[in-house]
There are 2 protein chains.
Amino acid sequence: MGTTEEIVRQMSQKGLRITEQRRTLVKLFDETSGYLTPKDVYEHMQQLYPGLSFDTVYRNLRMLLDMEVVEQVLFEDGVKFKLRCEEEHHHHHMICLQCQKTLPIRFCPMTGTDVPGDFQVVKHKFEVFGICGDCRETEVPGSAANEASSAGG
Amino acid sequence: MGTTEEIVRQMSQKGLRITEQRRTLVKLFDETSGYLTPKDVYEHMQQLYPGLSFDTVYRNLRMLLDMEVVEQVLFEDGVKFKLRCEEEHHHHHMICLQCQKTLPIRFCPMTGTDVPGDFQVVKHKFEVFGICGDCRETEVPGSAANEASSAGG
DNA sequence: GTCCTTGCAAATCGTTTGCACTTAA
DNA sequence: TTAAGTGCAAACGATTTGCAAGGAC
């Protein structure tokens with residue numbers, strides 16, 4: 001998407017040092033449309049940096065999280081990360097259970113929800129899980145339903 | 001609520017044995033309106049059964065989960081359990097960040113969501129987090145906002 | 001040269017397992 | 001009696017920490 005360099009610049013400005021690993025990590029997120037587990041990240045990076053250790057991955061993920069470059073989502077099978085949406089306006093997501101790609105949902109359910117006057121809303125979560133068009137084309141019948149039961153609620 | 005005995009009967013029917021601990025565990029959930037972490041459960045039970053071990057708590061929680069007596073929810077600060085809603089009809093929840101009590105939301109956002117034709121919806125999640133009326137009354141100003149940022153998204 | 005970043009090893013946290021002992025039915 | 005439940009200790013996977021060496025600026 002080309003935001004890699006912009007993010008790297010941001011890091012620089014914060015006084016953080018730009019190592020090759022960090023640049024690669026940012027690029028990885030920049031080029032990935034879906035969610036990545038720390039393990040995914042580790043496995044990808046390890047091919048390029050054989051000496052890589054897991055704690056460095058965790059440290060850098062946390063750094064990107066603190067910088068609000070990536071966002072963290074809890075799935076039933078673990079924590080996952082993806083680049084933060086550039087889209088400014090408040091929105092929600094449809095998440096593909098197969099490739100974990102996300103599609104924006106502009107509709108916000110809070111408009112239609114009847115909240116009791118004495119309940120002070122702090123935040124809300126609305127997520128739709130399913131199989132995206134691309135994945136349905138290449139799908140092996142039956143496999144999707146199985147996957148589905150082990151991911152997000 | 002008085003469902004304790006009914007659940008115990010169910011367990012009996014499945015061939016499970018009714019130990020004092022299990023009865024107490026069921027009663028604990030029956031009497032709790034909010035969510036409980038395994039640690040919460042352990043700490044409560046340990047007062048009555050000093051020799052209690054954590055693995056027994058986990059084993060019995062899983063048993064109640066398998067029996068569909070309790071449901072499990074992932075929060076940012078860990079897994080939590082509560083008695084399953086008796087309400088049959090599909091619904092969602094408003095969850096108090098302070099006492100973790102839940103209020104039902106009958107409105108389902110899926111009716112208003114525009115799903116692309118090629119996206120096959122498998123499941124969805126809609127949760128509202130905030131401070132309930134009871135907690136707002138006894139609230140120390142400022143503390144609620146802090147709590148909020150560390151729980152569900 | 002300074003201070004941040006890394007890898008390593010070890011610690012920690014939440015959860016699960018194997019095993020021998022106990023107990024509900 | 002006997003299969004299921006328990007506590008204990010140990011294993012486990014995910015994540016975090018302290019520390020000394022390496023690297024960005």
Side-chain angles (χ1 to χ4, degrees), chain A residues 5 7-28 35-67 69-70 72-81 150-151, chain B residues 5 7-28 35-67 69-70 72-81 150-151:
Chain A
E5 283 312 315
I7 293 164
V8 167
R9 215 171 303 130
Q10 261 180 263
M11 286 167 55
S12 234
Q13 274 172 19
K14 290 223 173 183
L16 297 167
R17 307 215 165 143
I18 313 306
T19 62
E20 234 202 291
Q21 282 191 33
R22 283 183 169 175
R23 179 169 264 116
T24 302
L25 178 62
V26 171
K27 208 154 69 185
L28 172 61
Y35 288 91
L36 295 169
T37 61
K39 203 174 162 197
D40 291 336
V41 173
Y42 176 74
E43 281 166 3
H44 174 94
M45 302 270 296
Q46 214 217 7
Q47 294 173 7
L48 302 162
Y49 312 95
L52 181 70
S53 59
F54 243 111
D55 46 73
T56 302
V57 170
Y58 278 110
R59 274 189 286 235
N60 282 330
L61 283 174
R62 183 197 288 254
M63 184 258 287
L64 292 179
L65 207 56
D66 290 345
M67 286 191 62
V69 166
V70 297
Q72 196 188 34
V73 178
L74 298 173
F75 286 80
E76 308 260 322
D77 58 337
V79 193
K80 300 184 186 179
F81 299 82
S150 71
Chain B
E5 283 312 313
I7 293 164
V8 167
R9 216 171 302 130
Q10 261 179 263
M11 286 168 57
S12 235
Q13 275 172 18
K14 289 222 177 185
L16 297 166
R17 305 208 170 150
I18 312 306
T19 62
E20 234 201 291
Q21 284 192 30
R22 284 183 168 175
R23 178 170 264 117
T24 303
L25 178 61
V26 171
K27 207 154 72 186
L28 171 60
Y35 288 91
L36 296 169
T37 61
K39 203 175 165 197
D40 291 337
V41 173
Y42 175 74
E43 280 165 3
H44 173 94
M45 302 269 298
Q46 214 217 6
Q47 294 173 5
L48 303 162
Y49 312 96
L52 181 70
S53 58
F54 243 112
D55 46 73
T56 302
V57 170
Y58 279 108
R59 273 189 286 235
N60 283 329
L61 284 174
R62 182 195 287 253
M63 183 258 289
L64 292 179
L65 208 55
D66 290 345
M67 285 191 61
V69 166
V70 298
Q72 197 189 32
V73 178
L74 297 173
F75 286 81
E76 307 262 321
D77 57 338
V79 193
K80 300 184 185 179
F81 299 82
S150 71

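Each chain gets a letter, A, B and so on, in the order the sequences are listed, and its residues count up from 1.
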Short side-chain N/O contact from [X] to OP1 or OP2 of [N], under 4.0 Å:
{"X": "B/Ser53", "N": "D/dG7", "answer": "yes"}
{"X": "A/Gln21", "N": "C/dG7", "answer": "yes"}
{"X": "B/Thr56", "N": "D/dG7", "answer": "yes"}

Length of the [atom1]-[atom2] vector between [X] and [N], whole Å:
{"X": "A/Asp40", "N": "D/dA14", "atom1": "CG", "atom2": "C1'", "answer": "14 Å"}
{"X": "B/Phe81", "N": "C/dG14", "atom1": "CZ", "atom2": "C1'", "answer": "11 Å"}
{"X": "B/Leu64", "N": "D/dG5", "atom1": "CG", "atom2": "P", "answer": "12 Å"}
{"X": "B/Ile18", "N": "D/dA4", "atom1": "CD1", "atom2": "C1'", "answer": "11 Å"}
{"X": "A/Arg23", "N": "C/dT6", "atom1": "CZ", "atom2": "P", "answer": "13 Å"}
{"X": "B/Lys14", "N": "C/dA25", "atom1": "NZ", "atom2": "P", "answer": "17 Å"}
{"X": "B/Asn60", "N": "D/dG7", "atom1": "CG", "atom2": "C1'", "answer": "13 Å"}
{"X": "B/Leu61", "N": "C/dT16", "atom1": "CG", "atom2": "P", "answer": "9 Å"}

Reckon [X] touches a base, only the sugar-phosphate, or nothing at all at heavy-atom distances under 4.0 Å?
{"X": "A/Arg59", "result": "base"}
{"X": "A/Arg62", "result": "sugar-phosphate"}
{"X": "B/Thr19", "result": "sugar-phosphate"}

Mind checking whether [X] and [Y] have side chains closer than 4.5 Å, heavy atoms only?
{"X": "A/Arg17", "Y": "A/Met11", "value": "no"}
{"X": "B/Leu61", "Y": "B/Phe81", "value": "yes"}
{"X": "B/Gln21", "Y": "B/Thr24", "value": "no"}
{"X": "B/Met67", "Y": "B/Arg62", "value": "no"}
{"X": "A/Leu16", "Y": "A/Arg22", "value": "yes"}

So which nucleotide from [options] ends up closest to the side chain of [X]?
{"X": "B/Arg17", "options": "C/dA24, D/dT6, C/dG7", "result": "C/dA24"}
{"X": "B/Arg22", "options": "C/dT6, D/dT15, D/dT6", "result": "D/dT6"}
{"X": "A/Tyr58", "options": "D/dT16, C/dC8, D/dG5", "result": "D/dT16"}

Under 3.5 Å: donor-acceptor pair, side chain of B/Tyr49, backbone of B/Glu20: yes

Would you say B/Asp40's side chain and B/Thr37's backbone share a donor-acceptor pair under 3.5 angstrom? yes

At how many degrees, to 10°, do the end axes of the helix from C/dG1-D/dC25 to C/dA25-D/dT1 meet when each uses five pairs? 30°

Hey, does the side-chain of A/Asp55 have a donor or acceptor N/O within less than 3.5 Å of a partner on the base of D/dA14? no

By nearest heavy atom, map B/Val79 and B/Leu16 onto DNA chain C; which one lands nearer the 5' end? B/Val79

Are B/Tyr35 and B/Phe75 near enough that their ring centres are under 6.0 Å apart? yes

Using the closest heavy atom to pick a nucleotide of DNA chain D for each, name whichever of A/Glu20 or B/Gly15 lands nearer the 5' end. B/Gly15

